[in-house]
Amino acid sequence: MWRLNLINTIADQANWIISSDVAIVIADKYPKAQHHYLVLPKAEISSVFNLTREHLPLLEELHLLARNVVEVRGQQWNDFKVGFHAEPSLERVHLHVISQDFVSPCLKRKKHWTSFNTALFVPYEELRDKLQSENSFQRLPPHAYHKLLDSPLQCNQCERICINLPKLKEHLLEHLLNKNGQQKSVIYTKIETSKDKINIMDVTEKNKIKMDHIKQNIRNELRKKILDKNHILIESDRAVVVKADYPKAQYHFRVVAKEDIEDVTKLTSDHLQLLDHMMELAVQIIGKQDHLPSRNFRIGFKADPFWDRLNMHVISDDFYSLSMKRIKHWNSFNTELFLPFQQAYMMLDSEGAIETLSEVEFQKLKEQTPLHCNQCDFQSPLLLALKAHLFTHWQDKESERRTKKQMEDIVKLLDEAKLEDTAKPEAASSREEHEITASTSQKSMDQNQAVGADANAYHQCGPLVNLMNLQHINNPFRNTPARFGIAAKTHPQPTNSMYAPRPHRAGNPLAYAPRPQQGGNPFRNMPPRPQLGGNRFGPHLNRFGPQSKDMMPMFAAPNQQPRFGPKQPQNHRPRAPNQPQNQRPRGPNQPQNQGTRAPNQSKFQ
DNA sequence: GTTCTAGAAC
DNA sequence: GTTCTAGAAC
């Protein structure tokens, strides 16, 4: 029965985009716009006419998942319409989440348009308020329904009324192209005789040229930025430190060379001193971040940089940020697309150049899934699930940090008390101790506030970058009740030793390090590097220059053999050939969403 | 919800 | 002649 199509679709978890304990999001099989999703409850509620006031919390959850799927797909919430059909055709109540371009080959009939762009579409808020006030939602009278179906085809973005659906579709495409920066002169596209096949090849080609031009202008922004003193956190004669405009973690800075070097591939061994200097600046900016120890920072270059000027990333390893919106954002820091500083330095020192990956490899790495957590064995194909997971790491670290801070305050207090005891031998009562602890905490808090209010300190130390705001409207986890456990499709996690150990995974600072199976690599016996230690960042320790070869390398364990050993011929980068992380042997638990149907789904077949 | 198709509209 | 719409069938 075709009315059960949606129920059949959700029976197969492979169709789920995201889900919670109570609802599921799927893609509309016949999307009427560029983005079109359906949110369905797991509970068997056949239609919108069966909803009552009791369902308001469920409705809220559907709406939350609607926001999440928009976030997952990297789209803007304001571009979407979210609501129900007043006269739905298919069973199981479903919330439409649809982008307002309405450009789609599946938009074929007038009804497709009117069902979303007249009163036949009931926005989420309208239904919610109706249930709140009247405890039910009623079907439209037949005459009203047919009248709405006959509504003129008025554009949803301007006053234009079109004579028929093909004309409206042509008009809607104009809007979409205009929105994407298309000039009006090239809007009028050829409509092919075969239905719904619109030839926009010429248009997209011209679009591409224009977009390339715009991109080039943006690329130059970094060059301009280093001249603008307002953006600069630290400046020297050879480089500056600026805050990243779209930070991909809580702390994200760029050290930008003043010298006109396009990117990391243009570096030669002559630039080793420049790299030393850039590291010194990185050390300085890290040192100014009291909130986070230096071991939580990663320093390196993008192997496929967007900006038109050599810039070195200094980024905290939480990677929890509202700007972390796309899979390529994650992969650019957590695969071989990120070239750690020490690796770049070694390459330059031993080979005199940094060899890049091919364009094909770049593309592959950018889109690579599943996404592996950089702090544990968690993995997921969905960025949203990874972000939810990263959030738990962030919370743990914050709580750890707070506890540590409190302990430090107490120790400090005890030290002070000791001094006072020397002068005044009477032991303080436990009640007094408690009072003193409380007052110290208060004092510490006041001090923090004082520091926060100190504009000069703020300027010199740089702002606390991108501190996560749980209540931010764009935060997908805002107001998410814990019980819903929004984690989408959860995949089995590796539990046995068949999985490669973490040091060999992309996302690890050792991503560029050689792997055991690769023969002839001069670094293959190198022990794992420890995390960066705070006190090793002293600017006076210029351990990266050739003159420091006899010193203990900054990133090495104290007894490790020196990394800057005798040079060996190298015709390739010291990494294993094409061993993407997602080709690791699978564990016994296969992902549940691949192919097989559960027995209880047979009733839908 | 979709596809098919006859007949109206152009 | 082609394009477009709308009802029937699924």
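Sequence lines set the chain letters: A, B, ... in the order given, protein chains first and strands last, and positions in each chain run from 1.
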Whole angstrom value for the distance that separates C1' of C:dC4 from CD of A:Glu170: 15 Å
Nearest-Å distance for atom pair CD1/P, residues A:Ile163 and C:dC4: 11 Å
Donor on one side chain, acceptor on other, A:Ser46 and A:Glu44, under 3.5 Å: no
Interatomic distance, A:His36 NE2 vs B:dT2 P [rounded to whole Å]: 9 Å
Residue A:His112, side-chain heavy atoms: nucleotide from C:dT5, B:dT2, B:dG1 that is nearest: B:dT2
Polar side chain donor-acceptor pair, A:Gln250 to A:Trp394, under 3.5 angstrom: yes
A:Lys328 to A:Phe362, cation-pi by 6.0 Å centre distance and 45° axis angle: no
Sugar-phosphate only, base, or nothing, as touched by A:Asn164 at under 4.0 Å among non-hydrogen atoms: sugar-phosphate
Touch class at under 4.0 angstrom, heavy-atom based, for A:Leu165 against every strand present: sugar-phosphate
Sugar-phosphate, base or nothing in reach of A:Lys32, heavy atoms under 4.0 Å: sugar-phosphate
Residues A:Gln75 and A:Ser99: side-chain donor-acceptor under 3.5 angstrom: no
Rounded interatomic separation in angstrom, taking NZ from A:Lys29 and P from B:dT3: 9 Å
Any N/O donor-acceptor pair, A:Arg109 side-chain to B:dT2 base, under 3.5 Å: no
Options C:dA6, C:dC4, B:dG1, nucleotide nearest the side-chain atoms of A:Pro166: C:dC4
Side-chain N,O (A:Lys167) to OP1/OP2 (C:dT3) below 4.0 Å: no
Ring centroids of A:Trp2 and B:dG1 base under 5.5 Å with planes under 30°: yes
Distance in angstrom units between A:Phe116 CZ and B:dG1 C1', rounded: 11 Å
Atom-pair distance (CG on A:Leu107; C1' on B:dT2), nearest Å: 14 Å
Non-hydrogen atoms of A:Lys302 and A:Ser332 that approach each other most closely: CE-OG, 3.4 Å
A:Lys108 NZ - C:dA6 C1' separation (whole Å): 15 Å
Distance in angstrom units between A:Tyr37 OH and B:dG1 P, rounded: 18 Å
